[in-house]
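Below is one structure, written out as structure tokens; the observations come after it.
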Amino acid sequence: MSKENVLLSVENVGKQFEGNRVLKNINFSLEKGKILGLVGENGAGKSTLMKIIFGMNEIADTGGYEGEIYLDGEKINFKSPLDALNAGIGMVHQEFSLIPGFTAYENILLNMEKTKPSIISKIFGKKFETLDRQEMKKIAKDAIDTLGVQLDENALVSEMPVGHKQFIEIAREIDREKVKLLILDEPTAVLTESEAEILLKAMRKLADSGISIIFISHRLREIIEVCDTIVVLRDGVVVVEKPAEGLNVRQIAQWMVGRDVAGRKAVQVRDVDISESNKDVILDVEHLWVDMPGETVKDVSFSVKRGEIFGIGGLAGQGKLGISNGILGLFPAGGKVLLNGKELPLNSTFNALKGGIAFVSEDRRGVGLLLDESIDWNIAFNAMQVQNRFIKKKLGGLIKWRDDKAMKECADKYVNALQIKCTSTKQHARQLSGGNQQKVCLAKAFAMEPSLLLVSEPTRGIDVGAKALVLDSLRRHNNENDTTIIMVSSELEELRSICDRIAIVSEGKIAGILSPDADTAEFGLLMSGLSNLNEEGEEQ
């Protein structure tokens, strides 16, 4: 690799937070117009490394970093993201930074707005120019077209499905002037397979135009498909830097976790009688509608048997996420929901939780976590608020105070069971990696000891080793505690690996319900809305 072709060079970079070392002697380089795949388990140091390159404030605020980074041969040490943007580096983070009330084109051109002269500006100066909205729309549409996605630049972000929001984030970065390097942190985690394919093609097109890309993903097949080189981080150290050509998923997974992932033994799912003769129904959903922007549910009916793991899948924006959010009362809903034969009042989150339902949201930062509170407080919070657990009482309940010891014991139990990487249970949730935040959300649900657990995208943004651990934990909880689970996921193979039955949602309705061992083509037909199968997967 000649030095003239190298855009980014990372040399002996290290970082520690309050004595906890998260990166040690990181070395790698990236050529101009090439795509580097950065992989590793959650907590391996990927996000910290990208924050260093992008000049995130928390790096400078915690003492900076060790080592040197060179961009186009010049040493850099950005003190803020603005410095990185001005140098030609763009970054798309795991969590969205869009303004919901703005349109797509307004978000893409945010802080890069185009203006045109007016009579007033000719007198009082440029700051009185008006927005040239037509030019802004044209620029935004060109950026969207570069990505190859069908997306209305006039649409409000608040009304978009989550996949379209991700494309808006990327379009904003590629529209910046003189962009040399794009950092994409889990950009396909919220995308369907077809949307991910569109993005991978766009990445290749951008690389061919001379833009270098750092692509962080837990979808290892995508890494192999689109990347030129692969860097594997494990426990803050680069363990592998190799050309992607000739590698396979199992090799990369082994490098990431330091063990044979394929050789792990899965927990056996309990044999559940889900036949029609078994009338023990825990949940009956009848003609449910949910007004959730981007995931509208129009008319959904299904039943779930006690002890079953019931899967809900479908393409993005078709309504699958709306079902659990509607049952929990997080968005306006109607219809009828029966829990254990009794009607569950809709539009009341407290009543749903009080009735024995727990929920793991797909929006871990917005709904799932108290980011500025400790891990033990997060895990115990719902059980304390809804079930009056972790509370000591005296004088018949007139005096109450928190049982910190019981909270710590509960938190320690789930930190060990889910292998949550943290300094202690007193560490704030905000300081955890995305995957470990997701595990805390799962622990919070388990701590409620629910009869029915709704889990939405439980492995989004989680690495290959942690994904297997989370799925095994769900199986084990179902098996050992007789907990009924409804699992919503964009990953069809994930649903097929754990569920007893899988419902596919299309255009806000249940298109059909299949056995997990049904032919893949049948699932594809249901997702496309072209199947003539009834709800039990039989031809009509």
Side-chain angles (χ1 to χ4, degrees), residues 161-163 188-198 200 219 221-222 225 249 266 268-278 281 283-288 290 295-305 307-324 362 454-460 467-468 471 474-475 478 484-540:
V162 67
T188 63
V190 297
L191 302 182
T192 64
E193 290 183 13
S194 58
E195 289 171 335
E197 280 298 316
I198 292 171
L200 296 183
R219 295 182 176 180
R221 286 185 177 84
E222 294 175 355
E225 180 180 342
V249 169
Q268 294 298 311
V269 181
R270 184 169 52 81
D271 186 16
V272 180
D273 182 4
I274 58 171
S275 66
E276 281 300 314
S277 60
N278 178 4
V281 173
L283 186 75
D284 250 325
V285 176
E286 301 175 8
H287 305 294
L288 177 71
V290 184
E295 287 285 348
T296 300
V297 177
K298 297 177 181 177
D299 184 1
V300 161
S301 299
F302 63 91
S303 296
V304 180
K305 303 295 175 68
E308 182 178 13
I309 302 182
F310 186 84
I312 299 178
L315 301 178
Q318 297 297 303
K320 67 178 184 293
L321 295 178
I323 295 172
S324 53
E362 71 283 353
L454 304 182
V455 189
S456 192
E457 303 286 8
T459 63
R460 175 179 288 175
K467 181 177 289 191
L471 294 178
L474 288 171
R475 290 189 188 102
N478 166 256
T484 306
I485 298 175
I486 297 177
M487 175 171 156
V488 181
S489 177
S490 299
E491 303 281 347
L492 179 58
E493 291 309 309
E494 190 171 280
L495 291 171
R496 296 178 76 175
S497 73
I498 191 175
C499 297
D500 299 298
R501 291 184 299 154
I502 301 168
I504 299 299
V505 179
S506 179
E507 297 183 354
K509 300 179 181 180
I510 299 288
I513 301 176
L514 296 173
S515 165
D517 57 6
D519 192 276
T520 304
E522 293 184 65
F523 286 100
L525 286 170
L526 290 179
M527 289 182 182
S528 67
L530 299 176
S531 177
N532 64 342
L533 302 179
N534 63 23
E535 285 196 349
E536 296 303 323
E538 300 165 346
E539 290 191 9
Q540 302 185 81

Side-chain touch L200/E197, heavy atoms, less than 4.5 angstrom
yes

Show, in sequence, the C-alpha distance, side-chain angles and deciding distance for I309 and L474, and conclude whether the side chain to side chain contact (heavy atoms under 4.5 Å, CB included) test is met.
CA-CA 9 Å; I309 302 182; L474 288 171; 5.8 Å; no

Here the gap from S497 atom OG to R475 atom CZ, rounded to the nearest 0.5 Å, amounts to 5.0 Å

Point-to-point distance, once rounded to the nearest 0.5 Å, from CG of D500 to CD1 of I485:
10.0 Å

For a 4.5 angstrom cut-off between non-hydrogen side-chain atoms, does L283 reach F310?
no

Taking only residues two or more places apart in sequence, or in another chain, which ones meet E222 in a salt bridge (Lys or Arg N to Asp or Glu O under 4.0 Å)?
R219

Smallest separation among heavy atoms of I510 and A503, with atom names
CD1-CB, 3.9 Å

Side chains of I486 and V455 in contact at under 4.5 Å (non-hydrogen atoms)
no

Determine the minimum heavy-atom distance between Q318 and E507, stating which atoms define it.
OE1-N, 2.7 Å

Side-chain heavy atoms of E308 within contact of S303, under 4.5 Å:
no

Identify the two heavy atoms, one from G311 and one from L495, that lie closest to each other, and give their separation to 0.1 Å.
CA-CD2, 4.0 Å

By salt bridge (Lys or Arg N to Asp or Glu O under 4.0 Å), E457 pairs with (sequence neighbours left out) R460

Nearest atoms (heavy-atom pairs only) where V281 meets V304:
CG1-O, 3.5 Å

Please report the C-alpha distance between E522 and S515 in whole Å, then the side-chain angles of each, then the deciding distance to 0.1 Å, and finally whether the side chain to side chain contact (heavy atoms under 4.5 Å, CB included) criterion is met.
CA-CA 10 Å; E522 293 184 65; S515 165; over 6 Å; no

Partners of D519 by side-chain hydrogen bond (donor to acceptor under 3.5 Å, both in side chains), sequence neighbours excluded?
none

Tell me which one of T459, N478, L471 satisfies side-chain contact (heavy atoms from CB on, under 4.5 Å) with M487.
L471

Quick one: which of I504, I312, V297, V300 gives a side-chain contact (heavy atoms from CB on, under 4.5 Å) with K320?
I312

side-chain hydrogen bond (donor to acceptor under 3.5 Å, both in side chains) partners of T296, counting only residues at least two apart:
none

Heavy-atom distance under 4.5 Å between the side chains of V488 and L321, does that happen here?
yes

Only counting residues at least two apart or in another chain, list the ones meeting side-chain hydrogen bond (donor to acceptor under 3.5 Å, both in side chains) with S489.
E494

Sorted by chain and number, sequence neighbours left out, side-chain hydrogen bond (donor to acceptor under 3.5 Å, both in side chains) with E362 holds for N325, S456

Once rounded to the nearest 0.5 Å, what's the spacing between atom CG of D299 and atom CD of E286?
11.0 Å

